[in-house]
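Questions regarding the structure given below will be posed in turn.
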There are 2 protein chains.
Amino acid sequence: MAKGTIRLADVAKAAGVSQGTASNVFSRPDVVREEVREHVLETAKRLGYAGPSLTGRLLRAGKVNAIGVAAVEPLAYFFDDPWARALLAAVSQVCDASGTGLALVSAKDRQKLDWNIKSALVDGFILLCVEGGEKLVQLTRERQLPFVALALNDDDPSIASISVDNLGGAAIAARHLAELGHRRFGVLATELSDDHVGPVGIAEIERAIYSTSRDRALGYWQALEAFGIRREDVPIYETINDKPSVEAGLELLFSVPEPPTAILAMSDNIALLAINWLRARGLSVPQDVSVIGFDGVPEGGMVEPGLTTMAQPFAEIARRAVKAVLEDAVPTEREMIEVTLVVRGSTAPPR
Amino acid sequence: MAKGTIRLADVAKAAGVSQGTASNVFSRPDVVREEVREHVLETAKRLGYAGPSLTGRLLRAGKVNAIGVAAVEPLAYFFDDPWARALLAAVSQVCDASGTGLALVSAKDRQKLDWNIKSALVDGFILLCVEGGEKLVQLTRERQLPFVALALNDDDPSIASISVDNLGGAAIAARHLAELGHRRFGVLATELSDDHVGPVGIAEIERAIYSTSRDRALGYWQALEAFGIRREDVPIYETINDKPSVEAGLELLFSVPEPPTAILAMSDNIALLAINWLRARGLSVPQDVSVIGFDGVPEGGMVEPGLTTMAQPFAEIARRAVKAVLEDAVPTEREMIEVTLVVRGSTAPPR
DNA sequence: GCGTAGGATTGAACCGATTCAAGAAAGCAA
DNA sequence: TTGCTTTCTTGAATCGGTTCAATCCTACGC
């Protein structure tokens, strides 16, 4: 690095033109006479000028041309969790197309998250509200930048958000299995409330704090009741979306005389873990047990058998979210997006 | 958004203090009398001041407090490729700890990449040079920011880089299998040169443009020759690290009368694909065929059987890279890091 | 030869903060 | 009361560009 970094003003002086002209050479080359332009560029190169500093420029312009994606999770979450990954890949794609930068901001501990959000150089945020959504929304609000919440577990209508139709999607999933002839189900739920794992009853579902999980449960019930299956007869086990809790749940669900012939998993992650457990247990999927997931992550299509699931239109979600943030045209109402049933090899009629 | 956004100056005026004092209230609260401080904060809140604007602040400070990770790939690469993911997760961790932001910059097409690199608001770059490394290095150089290249396929000593000991690691991998008693090997290589897939001979290896792949091949050879296995007798198939090319390679390797009893895969990704193919083909791993990977991505530990591999110390690599970039203390020489053999279930003595 | 249209260039204001030398007020000792 | 600290606060300079109104040329028409 040259010691005293070269500024635009230095180049201008060395080239014998005004700073205004020098600036034009870089940001509006068409307006300056070719002769002069070449001379200035020449001088710049000779001096080793690195081009207009972004900070100076953006101070003037006020736009960073980047958006931040935030979550109340360690940063590694973005690369580990299949859902987050699928979503980010989609967001990336959209950003790529529009030449927008992407910054990852997150932290598990509140203080750091606060600071990270405050200091992220972005024009707006996409919030991944899987957990601790309100905290995130609140922090982001203070920043006074446009933002849109994804997968928000909160019914506050003043928060711009895009979510999928959890209730409707879950209903379709359950109906799919019921129509195949299944009558004995087991549900593996994503988080309903903080710090709880284990079997849950109807009352717990109804007062769940995470609406995503709650709505999916309600959707399952709704569809199954149309087939004469009472909600009391559908065991639900709350997991925290990880291997140990999912396996504990399966252990319980399959410890009864008449175990389920179909598993309703509230996430593909859970579904994939379930399939592994079932096979290790000597049960074949889908012959012995059918499994349906929720989310539609790419991994679901790459295993054998393929995972039947309710697919979120990640590309569409990403497109809308990025657009909303960039144009500061956050939806005034909560937007709802449909999920679609993708049938692969993990579901079939019961034996 | 309030129309005329509120500036620090506005708050200062409204509170009846100088701008300097107002600034201190936010950035050095201890220096201003409590009474005044509270009054200013109060006024700020009343006016809806969002806190010191970052752009103004950073213009002054010159530091963005963020680093960029760049690759010549579509942005989604960061979330799809296991190696990139593992590395980024590690980088995330380090950044998290030091309160540094993380920006992803990339593009497959050169023009966009150029622009993205030029306009990324970061203090420095970590370059993922899996492919098109020189291009990336060149572009980044122009930006005149500190950077360090990872997995660089180039021997130019003027480029600060951190790489793993590909030759030594590969030798350990091959030795591990040879010591188990294997004598018939097949190699599934990562890219050796652009736009080529298929079996390769000794000459192609020696003039490969990607030194990572070349060195791994050399390492395999070196170790195997110590066991009396000639390089001519080790078939090598070049893939592009994806499913179709890996399967084509396996198809070929196993189409001979005496197929290999051990597969040397130059990436875990390839190894995992290989294991799937072998099983689908009715061959059990490790009983019929042993497979060893390279990289040590987390997925390798989560499958059944676990993948034996040469693990890169991702955390260490990330730590050094981030440190180098942040402190503008890029290694003057090319740093080399050792990889370690992690033995899991995918390797065993031959039948 | 004069007036003028037109484009190229200049110079200064401005973006929104931080910083620091210097000034003001308050406290305390003599 | 004067002198000397100590503690805050002020005002102006600064960071590195962009922008725009004003000015300067040049060439062209009459």
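A note on names: the letters A, B, ... follow the listed sequences, proteins ahead of strands, and every chain is numbered from 1.
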For Arg28(B) and dT9(D), give me the distance from atom CZ to atom C1', rounded to whole Å. 12 Å
Considering only distance and modelled atom types, tabulate donor-acceptor pairs under 3.5 Å from the side chains of residues 89-99 of chain A, sequence neighbours left out.
residue  : atom : partner   : partner atom : Å
Ser92(A) : OG   : Leu88(A)  : O            : 2.6
Asp96(A) : OD2  : Leu75(B)  : N            : 3.4
Ser98(A) : OG   : Val94(A)  : O            : 3.4
Ser98(A) : OG   : Cys95(A)  : O            : 3.4
Ser98(A) : OG   : Thr100(A) : OG1          : 2.8

Among dT10(D), dT18(D), dT10(C), find the nucleotide with the atom closest to the side chain of Val17(B). dT10(D)
Integer-rounded Å distance: dC14(C) P and Asp10(B) CG: 14 Å
Under 4.0 Å between a Lys/Arg side-chain N and an Asp/Glu carboxylate O for Glu316(A) and Arg319(A)? yes
Side chain of Arg85(B), backbone of Asp80(A): donor and acceptor closer than 3.5 Å? no
Of the candidates dG17(D), dC8(D), dT10(D), the side chain of Arg33(B) sits closest to dC8(D)
Find the distance Asn24(A):CG to dG7(C):P and express it as a whole number of Å. 15 Å
Does Ser53(B) put a side-chain nitrogen or oxygen below 4.0 Å from OP1 or OP2 of dG16(C)? no
Interface residues of residues 112-122 of chain A with DNA chain D (non-hydrogen, below 4.0 angstrom): none
Would you indicate, yes or no, if dG17(D) has its OP1 or OP2 atom less than 4.0 angstrom from a side-chain nitrogen or oxygen of Tyr49(A)? yes
Without decimals, in angstroms, what is the distance between Arg7(B) CZ and dT18(C) P? 14 Å
Listed nucleotide nearest any side-chain atom of Ser18(B), set dG16(D), dG11(D), dT18(D): dG11(D)
Testing dT9(D), dA17(C), dT18(D) for proximity to the side chain of Arg57(A), the answer is dT18(D)
What's the closest nucleotide to the side chain of Ser23(A) if the choices are dG17(D), dG11(C), dT18(D)? dT18(D)
Whole angstrom is fine here: how far is it from CG in Asp30(A) over to C1' in dG7(C)? 12 Å
Whole-Å distance, Gln144(B) CD to dG16(D) P, equals 13 Å
Does the pair Lys13(A)/Asp10(A) count as a salt bridge with the N-to-O cut at 4.0 Å? no
Under 4.0 Å between a Lys/Arg side-chain N and an Asp/Glu carboxylate O for Asp114(A) and Lys118(A)? yes
Say whether, by atom type as modelled, one donor and one acceptor occur between the side chain of Asn116(B) and the main chain of Val105(B) under 3.5 angstrom. no
dT10(C) phosphate, OP1 or OP2, under 4.0 Å from Thr21(A) side-chain N/O: yes
Map Val36(A) and Gly20(B) onto DNA chain C by nearest heavy atom, then report which one ends up closer to the 5' terminus. Val36(A)
Looking at Ser27(B), I'd like to know whether one of its side-chain N or O atoms comes within less than 4.0 Å of OP1 or OP2 on dT18(C). yes
So does Gln19(B) reach the base of dG11(D) with its side chain, donor to acceptor, closer than 3.5 Å? no
From NE2 of His39(A) over to P of dT9(C), roughly how many Å is that when rounded to an integer? 12 Å
Under a 3.5 Å threshold, yes or no: a donor from one side chain and an acceptor from the other, between Ser158(B) and Arg141(B)? yes
Flag yes if more than 12 heavy atoms outside Glu42(A) fall under 6.0 Å of its CD atom; otherwise flag no. no
Rounded to whole Å, please give me the gap between CD in Glu35(B) and C1' in dA25(C). 13 Å
